[in-house]
Enquirer: 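Dumping the structure here so I can ask a few things about it.
As the structure is a prediction and not an experimental result, all values here were calculated from the model. What you see below is based on every heavy atom in this structure, not just the backbone, and it leaves out hydrogens, waters and symmetry mates. Lettering follows sequence order; numbering is per chain, from 1.
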Amino acid sequence: MDLSANIAGLTLKNPTMLASGVLGVSRASLKNVIGHGAGACVIKSISLEARAGHNAPNIITFEAGAINAVGYSNPGVDAAKEEFSNLKELGSPVVASIIGKNADEFAEMAERFLSDEFAAVEAVLSCPHTPGYGTLAGQNTPENTEKITKAIRKKTDLPVFIKISPDSNPIGEVARAAEAGGADAIVAVNTMGPGMVVDIQTGQPILDFKMGGVSGPALHPIAVRCIYDIHKATKLPIIGCGGVTFGKDAIEMMMVGASAIQIGTGIYYRGIDVFKKVTDEIAEFMQRKGYNKLDGFIGLTHKLEE
Amino acid sequence: MDLSANIAGLTLKNPTMLASGVLGVSRASLKNVIGHGAGACVIKSISLEARAGHNAPNIITFEAGAINAVGYSNPGVDAAKEEFSNLKELGSPVVASIIGKNADEFAEMAERFLSDEFAAVEAVLSCPHTPGYGTLAGQNTPENTEKITKAIRKKTDLPVFIKISPDSNPIGEVARAAEAGGADAIVAVNTMGPGMVVDIQTGQPILDFKMGGVSGPALHPIAVRCIYDIHKATKLPIIGCGGVTFGKDAIEMMMVGASAIQIGTGIYYRGIDVFKKVTDEIAEFMQRKGYNKLDGFIGLTHKLEE
Amino acid sequence: MENPIGKIEQPISLPIKRIVRETEHIKTFFFNREFGSKPGQFMIMWIPRVNEKPFSIAYDENGELGLSIAVVGPFTEKLFTFKEGDLVGLRGPYGSWFKLKPEYKKVLMVGGGYGTAPLATLAQQAVAQGTVVDFCRGAHSKNLLLFGKRLNEIGVNKITATHDGSEGTQGSAVNLANDQIDKEQYDCVYICGPELMEKKIVVHCAEKKVLCQVSIERHMKCGFGLCGQCCIDGSGERMCKEGPVTTGEYALKQKEFGAYHRSKSGLLEYFHDDH
Amino acid sequence: MENPIGKIEQPISLPIKRIVRETEHIKTFFFNREFGSKPGQFMIMWIPRVNEKPFSIAYDENGELGLSIAVVGPFTEKLFTFKEGDLVGLRGPYGSWFKLKPEYKKVLMVGGGYGTAPLATLAQQAVAQGTVVDFCRGAHSKNLLLFGKRLNEIGVNKITATHDGSEGTQGSAVNLANDQIDKEQYDCVYICGPELMEKKIVVHCAEKKVLCQVSIERHMKCGFGLCGQCCIDGSGERMCKEGPVTTGEYALKQKEFGAYHRSKSGLLEYFHDDH
Ligand SMILES: Cc1cc2nc3c(=O)[nH]c(=O)nc-3n(C[C@H](O)[C@H](O)[C@H](O)COP(=O)(O)OP(=O)(O)OC[C@H]3O[C@@H](n4cnc5c(N)ncnc54)[C@H](O)[C@@H]3O)c2cc1C
Ligand SMILES: Cc1cc2nc3c(=O)[nH]c(=O)nc-3n(C[C@H](O)[C@H](O)[C@H](O)COP(=O)(O)OP(=O)(O)OC[C@H]3O[C@@H](n4cnc5c(N)ncnc54)[C@H](O)[C@@H]3O)c2cc1C
Ligand SMILES: Cc1cc2nc3c(=O)[nH]c(=O)nc-3n(C[C@H](O)[C@H](O)[C@H](O)COP(=O)(O)O)c2cc1C
Ligand SMILES: Cc1cc2nc3c(=O)[nH]c(=O)nc-3n(C[C@H](O)[C@H](O)[C@H](O)COP(=O)(O)O)c2cc1C
Ligand code: FES
Ligand code: FES
């Protein structure tokens with residue numbers, strides 16, 4: 001059985017990827033995640049300057065998922081460039097993740113940070129809880145999406161992935177704007193919301209930033225619908241992200257059009273070997289259904305409509 | 001201990017209300033819900049003509065909540081007017097819920113349907129899964145919100161509640177538009193998304209409409225943040241709605257500014273007496289903390305910021 | 001606090017294992033799975049891009065679920081084109097069930113059409129605990145009678161009425177059942193069939209002060225107790241949760257029992273006596 | 001498939017029950033609740049609108065949790081203004097713990113600063129199972145030594161070093177501990193304190209082929225195993241999950257152990273020998 005996934009020229013030994021911002025803060029942590037079965041890794045998002053991020057609590061979990069407001073803590077482009085070296089030795093492709101306050105910053109990030117250490121670059125236009133970035137800076141509109149994508153496209157030959165917000169509306173237009181800007185794939189989706197949890201003993205919002213992006217099971221059906229809509233709107237390959245905990249969640253995303261999937265919060269629920277577990281569950285499903293490769297069911301939901 | 005809630009002139013014996021579209025299809029079902037402790041009820045939304053709604057599956061539940069695409073099935077204004085009579089006998093206030101394709105239809109609904117049987121009217125501008133209505137018809141923009149609110153305001157003396165979408169962005173502006181249009185309260189929020197769940201055995205989306213609005217625990221932290229934002233933006237009273245399952249969920253909403261709360265999906269998790277259970281849990285909390293009335297903690301989160 | 005969150009109810013796609021034609025209009029569909037249901041409960045069956053509909057459980061034993069289904073409209077017509085191996089979605093069991101007490105010596109069951117199915121399982125349990133079961137069935141003619149062989153195997157006393165006299169007494173099941181109630185001493189009467197038939201027997205039981213239980217079918221959109229479409233005028237209770245099986249006493253207090261039900265949109269539809 | 005979803009981790013707001021001043025810079029905060037932790041595990045404490053920080057568990061018995069906390073910066077300064085009855089949020093326990101085997105005859109524990117706290121609980125368990133415990137503490141002077149009374153009650157052999165000689169041997173705990181390791185036969189050495197101290201003892205144990213366990217503190221933002229801030233160069237493993245307590249053998253394989261750690265932003269900060 002062939003479990004390999006293809007996205008925009010990348011070949012992954014299996015379709016599970018580490019989502020940005022979860023664990024991937026250092027080369028060593030990527031190696032550890034790859035050792036637990038990840039077909040590829042996205043590093044934690046990097047900005048020009050070092051950022052301490054929001055104070056803690058940065059993450060809480062609730063009945064239906066997790067809420068985080070890490071606030072893009074990262075050591076800045078220069079330290080990160082040192083940190084993320086010799087990545088080819090790690091055994092699975094590593095994707096850079098970059099953020100910027102505007103198209104120029106994204107371009108500068110691409111220029112200063114990217115090298116062929118990385119298999120691709122993911123540009124994040126969609127964080128719902130960091131002032132100056134993502135949806136709080138309006139980066140999720142079709143216009144800004146196209147503009148930022150173009151700016152990055154000019155500065156790199158790596159495949160460019162645009163990571164979009166589930167709160168983009170209509171999401172198909174945002175995906176088409178990325179396509180128009182020269183993107184090679186869409187990552188759908190970032191966290192949604194933001195959401196807020198209040199400690200009723202004190203009346204205080206628990207996250208220090210008060211609100212944060214919602215991930216995990218709560219996000220999953222919305223991510224599936226986003227992928228479904230994006231697949232209708234563009235021909236770009238899609239990397240699904242949002243609430244993948246079990247193999248079935250990954251399979252759903254592939255059926256509505258994803259070529260590969262990312263996992264973040266799933267690590268909380270199933271451990272760091274969630275990559276291996278999800279891959280095994282996909283393999284079991286394929287065995288039972290008689291599929292030899294992922295293409296057998298990628299996009300199936302759309303084919304059934306024809 | 002005084003558990004009574006006040007919103008826009010209505011007095012409720014407790015702050016729990018039945019959310020629209022759940023159970024409230026007939027006078028008898030309202031009576032049953034009130035018998036299980038609801039401080040008030042909102043009827044299922046009514047349109048001019050009878051609507052059969054979408055085919056089933058209309059509702060599914062998933063790890064983190066429920067997803068529905070009922071499609072506003074209702075018997076139409078004339079049959080509904082007959083159905084919902086002698087409501088004053090029911091022991092708790094009953095709120096009408098109306099939908100329309102545009103401001104004129106909302107006005108016509110208000111004119112033909114409303115009477116002093118009802119304690120208030122809730123106008124729904126926010127369904128994410130019924131073509132021609134709600135967010136699919138753009139009713140959740142500030143402009144349309146103000147226009148529709150004004151149209152209804154002209155036709156009725158009842159308090160007007162505007163029910164808005166968690167996907168409104170920025171939600172404070174939508175609330176302010178409702179205020180400008182003459183609304184007496186905001187109901188925050190309707191379902192989010194839409195979301196989609198696919199049956200991996202067949203590749204088919206389970207809901208017949210394929211996608212539907214997400215409610216329950218998944219929605220709760222987003223609803224809390226929406227209430228928090230609306231409270232900052234307007235002085236209108238707020239009725240919280242979205243994922244109230246336990247007393248703590250209701251208390252959170254009140255701390256960020258809600259004067260009362262609605263429950264829909266909570267009935268699935270805790271039974272039809274969820275109204276009594278949640279009220280009891282609020283009372284327990286007040287006892288422990290020494291609050292005599294809801295006002296002791298309504299808006300507390302904002303007060304702590306001063 | 002208990003933590004009820006996390007419950008997931010979605011149809012499970014299962015292949016049809018076996019199809020048995022029972023009568024001209026009724027087939028029983030079997031699946032390779034047991035659901036641990038009680039007689040009178042129902043499943044909800046999904047055919048993707050068609051609809052999702054409730055059906056009483058006819059068999060739930062030996063690793064198999066069986067649903068006896070009459071073809072009446074778009075959903076059931078589609079289902080009747082399905083072959084063994086085709087997938088349908090199933091969720092359940094839902095609702096209340098027929099209650100049988102160990103001390104019952106003799107009971108009457110009255111089944112009309114596919115209503116015979118859940119009663120057959122109930123009869124099986126009754127016979128197993130030593131209760132004598134008179135089982136009354138009615139149909140237009142012999143070839144439309146359901147579960148003859150199954151009921152023989154269970155060991156009930158079959159009492160049959162056909163309109164054309166091709167088997168048993170000529171006439172209606174209602175008259176036959178009510179005669180039985182007059183003649184015999186029943187600890188309980190169980191009724192499942194067309195609502196007007198049910199009502200006449202329930203009324204008769206009430207007059208004769210005989211306990212009875214009845215299944216009340218209402219339009220169901222969810223089975224979760226949320227949509228409210230199955231709420232009955234009177235108590236306002238949900239026939240997918242507090243029903244479908246109720247006591248006769250309860251049924252008679254419901255103003256719409258035997259009078260009308262609600263359509264998909266909620267409009268009232270009155271029952272017509274076409275017997 | 002197991003269903004792990006639905007796990008909720010949020011701080012629980014609890015009033016401070018009692019505050020005990022241990023030394024000039026260290027107070028122990030007690031709460032009316034037991035958490036069922038193991039020695040070496042930690043809690044995360046939340047002060048609303050200030051921050052959330054990890055602290056080892058000093059006491060978790062008789063219905064009480066106790067955390068011994070040194071004042072070093074904004075969070076701990078704020079906490080030191082708190083009185084009995086003030087609310088703080090707590091979640092945990094998190095992380096790995098010190099492992100004690102029933103067959104251990106004699107062990108050495110080496111605590112520096114608040115690192116003495118988790119080892120005291122471990123010592124209690126060791127003594128209870130009949131293991132002899134030599135407990136080595138070091139500080140600048142007598143009045144900065146932690147848990148003298150507690151350790152006496154537990155019944156360990158206290159071995160003390162102070163830089164000014166005001167109690168025990170004059171000098172550092174490192175030298176004292178390493179001398180003990182040379183002199184005595186220990187089944188295991190447990191070390192918890194400043195990382196450079198830890199490293200020197202772990203290296204000595206390795207040279208002498210004595211088993212040891214050590215607690216490695218890294219910047220922690222979540223304790224859930226998600227943020228990655230606590231991942232250590234070498235294995236890349238998470239010190240909030242696979243750590244903080246590891247074997248000495250493991251620690252020595254981690255390139256950053258005793259060399260550097262990562263700040264809140266992820267920038268490297270090197271340890272400086274200021275002893
Ligand atoms: C608790 C319960 C148990 C049932 N058990 C059986 C059974 O064992 N065997 C069987 O053949 N049928 C059973 N039914 C009826 C079955 O649900 C309908 O025959 C079926 O839904 C018809 O669908 P259709 O599209 O083929 O026909 P349609 O043309 O859609 O409907 C025909 C008639 O079926 C009824 N019906 C339609 N949709 C529903 C619905 N969603 N819920 C309830 N009734 C509906 C209405 O009375 C309608 O007039 C049961 C119904 C209920 C509520
Ligand atoms: C597993 C573990 C157990 C600990 N046990 C104890 C204990 O029992 N008693 C005690 O007094 N302290 C303990 N600490 C250290 C404690 O977390 C810090 O002293 C505290 O976070 C300081 O916060 P501050 O705002 O007062 O000072 P800051 O000025 O913010 O920090 C002072 C120093 O504390 C450390 N620190 C700060 N934030 C963190 C963080 N989020 N995670 C880890 N280290 C941090 C850094 O080395 C920093 O230089 C432990 C740390 C870890 C990781
Ligand atoms: C703790 C945490 C930190 C995150 N940080 C980032 C980030 O730096 N950059 C980014 O693009 N996404 C970030 N995300 C979003 C995830 O990459 C992912 O899009 C989201 O969590 C949904 O996937 P999941 O449900 O599998 O977690 C973060 C998520 C979490 C939970
Ligand atoms: C089955 C179902 C039907 C609904 N129908 C309506 C409706 O007709 N009108 C409306 O305003 N909201 C409708 N809603 C939305 C609810 O009123 C409520 O806003 C939402 O479910 C969030 O609350 P909850 O999490 O407590 O369910 C419906 C929700 C559900 C689950
Ligand atoms: S079928 Fe929906 S409440 Fe009964
Ligand atoms: S503290 Fe976040 S992963 Fe360890």
Enquirer: Looking at D/Glu84, I'd like to know if its CD atom is crowded, meaning that more than 12 non-hydrogen atoms belonging to other residues, nucleotides or ligands lie closer than 6.0 Å.
Expert: yes
Enquirer: Do D/Glu9 and A/Phe62 come close enough that some side-chain heavy atom pair is under 4.5 Å?
Expert: no
Enquirer: What part of A/Pro217 is in contact with chain D, defined as an atom under 4.5 angstrom from a non-hydrogen atom: side chain, backbone, both or neither?
Expert: side chain
Enquirer: By a 4.5 Å heavy-atom criterion (distance strictly below it), what part of D/Ile232 contacts chain A: side chain, backbone, both, or neither?
Expert: backbone
Enquirer: Heavy-atom distances under 4.5 Å only: say whether A/Ala52 touches chain D with side chain, backbone, both or neither.
Expert: both
Enquirer: So which residue, A/Val70, A/Asn74, A/Val22, A/Thr202, ends up with the most heavy-atom pairs under 4.5 Å with chain D?
Expert: A/Asn74
Enquirer: Does atom CD (D/Glu269) have a neighbourhood of more than 12 heavy atoms from anything else shown, all under 6.0 Å?
Expert: yes
Enquirer: Surrounding CD of D/Glu249 (heavy atoms of other residues, nucleotides or ligands, distance under 6.0 Å), is the total greater than 12?
Expert: no
Enquirer: Within the distance-only criterion (no hydrogens, no angle test), does the side chain of A/Ser29 pair as donor or acceptor with the backbone N or O of D/Cys231 below 3.5 angstrom?
Expert: no
Enquirer: Quick check on A/Asn58 against chain D: is it the side chain, the backbone, both or neither that has a heavy atom closer than 4.5 Å?
Expert: both
Enquirer: Answer yes or no: is there an ion pair linking D/Lys7 with A/Glu63, defined by an N-O contact shorter than 4.0 Å?
Expert: no
Enquirer: Is a donor on one side and an acceptor on the other found under 3.5 Å between the side chain of A/Asp208 and the backbone of D/Asn51?
Expert: no
Enquirer: Does NZ in A/Lys88 sit with more than 12 non-hydrogen atoms of other residues, nucleotides or ligands closer than 6.0 Å?
Expert: yes
Enquirer: Go through the atoms of A/Leu30 and report whether side chain, backbone, both or neither lie under 4.5 Å from a heavy atom of chain D.
Expert: neither
Enquirer: Between D/Glu52 and A/Pro57, is any pair of side-chain heavy atoms under 4.5 Å apart?
Expert: yes
Enquirer: Against chain A, work out which of D/Met220, D/Gln10, D/Lys255 has the most heavy-atom pairs shorter than 4.5 Å and name it.
Expert: D/Gln10
Enquirer: For the CD1 atom of A/Ile272 and the CZ atom of D/Arg238, what is their distance to the nearest 0.5 Å?
Expert: 4.0 Å
Enquirer: How about A/Asp199 and D/Pro11: do any of their side-chain heavy atoms sit closer than 4.5 Å?
Expert: no
Enquirer: Is the shortest heavy-atom distance from the side chain of D/Cys227 to the side chain of A/Lys44 under 4.5 Å?
Expert: no
Enquirer: Is there a donor-acceptor contact under 3.5 Å linking the side chains of D/Lys221 and A/Ser73?
Expert: yes
Enquirer: Between D/Leu226 and A/Leu23, is there a side-chain heavy-atom distance shorter than 4.5 Å?
Expert: no
Enquirer: Tell me, out of D/Ser265, D/Gly228, D/Gly266, D/Pro48, who's got the most heavy-atom pairs with chain A below 4.5 Å.
Expert: D/Ser265
Enquirer: Looking at CD of A/Gln201 and CD1 of D/Ile12, how far apart are the two atoms once the value is rounded to the nearest 0.5 Å?
Expert: 10.0 Å
Enquirer: Do the side chains of D/Lys264 and A/His54 get nearer than 4.5 Å, heavy atoms only?
Expert: no
Enquirer: For D/Leu267 and A/Ala79, work out which heavy atoms get closest and say how close.
Expert: CD2-CB, 3.6 Å
Enquirer: Under 4.5 Å between any side-chain heavy atoms of A/Val25 and D/Gln229, yes or no?
Expert: yes
Enquirer: Is there side-chain contact between D/Phe224 and A/Ile267, with heavy atoms separated by less than 4.5 Å?
Expert: no
Enquirer: Tell me whether A/Lys276 at atom NZ has more than 12 heavy atoms from other residues, nucleotides or ligands lying less than 6.0 Å away.
Expert: no
Enquirer: Contact part of A/Val33 toward chain D, heavy-atom cut-off under 4.5 Å: side chain, backbone, both or neither?
Expert: neither
Enquirer: Enter the distance from A/Thr61:OG1 to D/Ile8:CD1 here, rounded to the nearest 0.5 Å.
Expert: 7.0 Å
Enquirer: Mind ranking A/Arg27, A/Glu83, A/Lys31 by heavy-atom pairs under 4.5 Å with chain D and telling me who comes out on top?
Expert: A/Glu83
